[in-house]
Amino acid sequence: MDRKSCTGVVTGAIHIPTVSFGPKELNTTALAEFGEYIHSVFPTVFKTSFVQHEVIGEYSHLFTVQGSDPSLQPYMLLAHSDVVPAPDEGWEVPPFSGLERDGFIHGRGTLDNKNSVMAILQALELLLLRNYIPRRSFFIALGHDEEISGHNGAQKISALLQARGVQLAFIVDEGNFILDGFIPNLKKPFAIIAVTEKGAIDLMLQVNMTPGHSSAPPKETSIGILAAAVSRLEQTPMPNMFGSGLLKMTLQELAHEFPFPTNIILSNLWLFGPLVSRLMERNYITNALVTTTTALTMFNAGVKVNVIPPVAQAIINFRVDPAQTVQEVLELVKNIVADSRVQFHVLSAIDPPPVSPSDHQALGYQLLRQTIRSVFPEVNIVAPGICIGNTDSRHYTNLTTGIYRFNPLYLNPQSFRSIHGINEKISVRAYETQVKFIFEFIQNADTDQEPVPHLHEL
Ligand SMILES: CCCCCCCCCCCCCCCCCC(=O)N[C@@H](Cc1ccccc1)C(=O)O
Ligand SMILES: [Zn+2]
Ligand SMILES: [Zn+2]
């Protein structure tokens, strides 16, 4: 495959608007087209005898790549083909044009997460074209509804594999990146492999009051009561969980990369922990790493200008810190609201998944680390961390204890804001490097323990 067709397959993928709009609103026409598209651009993947392809939940794809050595436990690569909506406003380039300009491919899904879908399949296509036969079996699971919960994609694939008795050595999904420019004073990029992710709660608060004529309003309306309740929640941060462990580990690994005195502060968190945790609260991204976050995302009330509203509803999206549970957060929320007129309806809730191992025996973690060192030799630090978003991998905790969330891409604060925001784009070089990463990763996963030096070169 030449360089042009290498990126051409991504622009074609971005062009198909596989948007997940809401809980049950997906662009099924686009999802079906996407299925045909991957079939047409990766012909070798689909015609190889030891690669089995199944469609699950109508639009998700499960590939089973049968390795030659059944004694090696299989692993799985995850990605998702659906994207969040992208109205044209504010974009430099129309979000579904997939235009390649100035060394970048533009559009919704270029970072989240069609880049991974295409890079995984492209790496496999290239390996198969070179007659590579993997020793270790692996699965590729491409969900179609990650952006609206993964219930029809990831969850069904997970149930199917469980019914087949599959147990996996590890899973690699989207999530963290090689972070660049997120921490003042730290000029060097560092790779964070997320070994857990936050839990999540969608909570609806509702207040019902007797409706009436607005010319003689009661002292309090459903809107006023609800607004006060959600404002109390927004103004009362959840407890800072910095002391609980994982983030401390991440910061200690980063410590020696900082200039004096930050290096000393981060190496002595037993003493400076409270100071560091307070500093982290000041920035909205680092704050998300130390606590359960509260985001007021939807508000609905009122039927007419001159009618006292009978009902007011608000939805709050909490991301639960790995050191807390859904139950603990709900207790705190009830105590903060402290108003019996406010009803609570939990729309969905999931506890944070267990922390995956990152020690020397942790195969998935060590393979990622080894491949990062090889493909990104300029990156000195690879550390375990927390993913602040949720991923399809949360549906697979029944199949393995080793779940790693890592995109082999650089991310800076501006590109972070483009994910679910505007002007999402990936450089051609970054995409090619992602393909190279997966191409090497699959080969590294076939080695018994130590890396072998003579891999196929891209
Ligand atoms: C030690 C200092 C480190 C500095 C930290 C910087 C962290 C920045 C990197 C964060 C990248 C986060 C990307 C998360 C990918 C999540 C994918 C996603 O969007 N998932 C959806 C899933 C979802 C959840 C709930 C309802 C519908 C969909 C999400 O919203 O989380
Ligand atoms: Zn995603
Ligand atoms: Zn997303």
Side-chain angles (χ1 to χ4, degrees), residues 18-23 25-26 78-86 108-117 142-151 153-154 173-186 189-194 197-203 242 246-255 257-258 262 266 269 276-277 279-280 283-290 293 295 297-298 315-320 347-350 352 381 383-395 405-407 409-421 424:
T18 50
V19 177
S20 286
F21 292 98
E25 279 175 85
L26 309 98
L78 301 187
H80 63 90
S81 60
D82 64 323
V83 296
V84 294
R108 175 61 84 229
T110 47
L111 294 173
D112 178 18
N113 180 241
K114 284 180 175 164
N115 56 312
S116 299
V117 170
L142 308 177
H144 71 275
D145 60 349
E146 189 272 353
E147 297 292 2
I148 47 169
S149 75
H151 291 319
D173 194 5
E174 63 169 343
N176 274 22
F177 295 82
I178 299 171
L179 301 172
D180 197 9
F182 280 90
I183 304 185
N185 294 335
L186 186 56
F190 55 96
I192 301 285
I193 300 171
E197 65 183 51
K198 290 189 130 183
I201 310 171
D202 288 326
L203 180 68
F242 177 82
L246 185 56
L247 183 61
K248 273 184 165 171
M249 200 157 115
T250 311
L251 292 176
Q252 274 155 4
E253 297 227 15
L254 293 177
E257 295 293 323
F258 283 89
T262 316
L266 293 180
L269 290 173
V276 173
S277 70
L279 289 174
M280 291 191 78
N283 169 287
Y284 74 103
I285 298 175
T286 50
N287 180 55
L289 293 166
V290 297
T293 52
T297 52
M298 295 173 89
I315 296 181
I316 308 174
N317 177 245
F318 296 93
R319 302 297 173 120
V320 182
L347 304 180
S348 70
I350 184 161
I381 311 160
I386 300 167
C387 181
I388 58 174
N390 294 123
T391 67
D392 260 351
S393 70
R394 63 191 157 146
H395 298 297
R405 302 147 191 92
F406 178 71
N407 295 294
L409 295 174
Y410 276 81
L411 189 80
N412 60 33
Q414 191 192 350
S415 44
F416 172 63
R417 283 189 290 274
S418 77
I419 299 176
H420 291 202
E424 189 178 347

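The first residue of the sequence shown is numbered 1, and numbering continues consecutively from there. Computed from a predicted model, the values in this text were never measured in an experiment. Just follow the structure's listing: the first ligand is 1, and inside any ligand the first atom is 1.
Without hydrogens or angle criteria, E424 side chain to T110 main chain gives a donor-acceptor distance under 3.5 Å. Of the possible polar contacts, one joining the R108 side chain to the P85 backbone as a donor-acceptor pair under 3.5 Å is found.
No side-chain N or O of S20 forms a donor-acceptor pair with one of D145 less than 3.5 Å apart. When only modelled atom types and interatomic distance are considered, H80 and D112 share a side-chain donor-acceptor pair under 3.5 Å.
Residues R394 and P352 have side chains not in contact (no heavy-atom distance under 4.5 Å, counting atoms from C-beta outward). Counting only heavy atoms from C-beta outward, the side chains of V320 and K198 never approach each other to under 4.5 Å.
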Per-pair distances, ligand 1 N/O vs protein N/O, less than 3.5 Å:
from: ligand 1; atom 1: 19 (O); to: H420; atom 2: NE2; distance (Å): 3.0
from: ligand 1; atom 1: 20 (N); to: E146; atom 2: OE2; distance (Å): 3.2
from: ligand 1; atom 1: 20 (N); to: N390; atom 2: O; distance (Å): 2.7
from: ligand 1; atom 1: 30 (O); to: R319; atom 2: NH2; distance (Å): 2.9
from: ligand 1; atom 1: 31 (O); to: R319; atom 2: NH1; distance (Å): 2.8
from: ligand 1; atom 1: 31 (O); to: N390; atom 2: N; distance (Å): 2.8

| task | Apply the test side-chain hydrogen bond (donor to acceptor under 3.5 Å, both in side chains) to residues T297 and N317: give CA-CA distance (whole Å), side-chain angles for both, the deciding distance (0.1 Å), then the verdict. | result | CA-CA 7 Å; T297 52; N317 177 245; over 6 Å; no
| message | One pair to check against salt bridge (charged side-chain N to carboxylate O under 4.0 Å, His left out): E197 and R405. What are the steps and the verdict? | response | CA-CA 8 Å; E197 65 183 51; R405 302 147 191 92; 2.9 Å; yes
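Taking CD1 of I192 as the reference point, atom SG of C387 lies at 11.5 Å (rounded to 0.5 Å).
Within the protein, the N, O or S atoms sitting under 2.8 Å from the Zn ion (ligand 2) are H80 NE2, D112 OD1, E174 OE1, E174 OE2.
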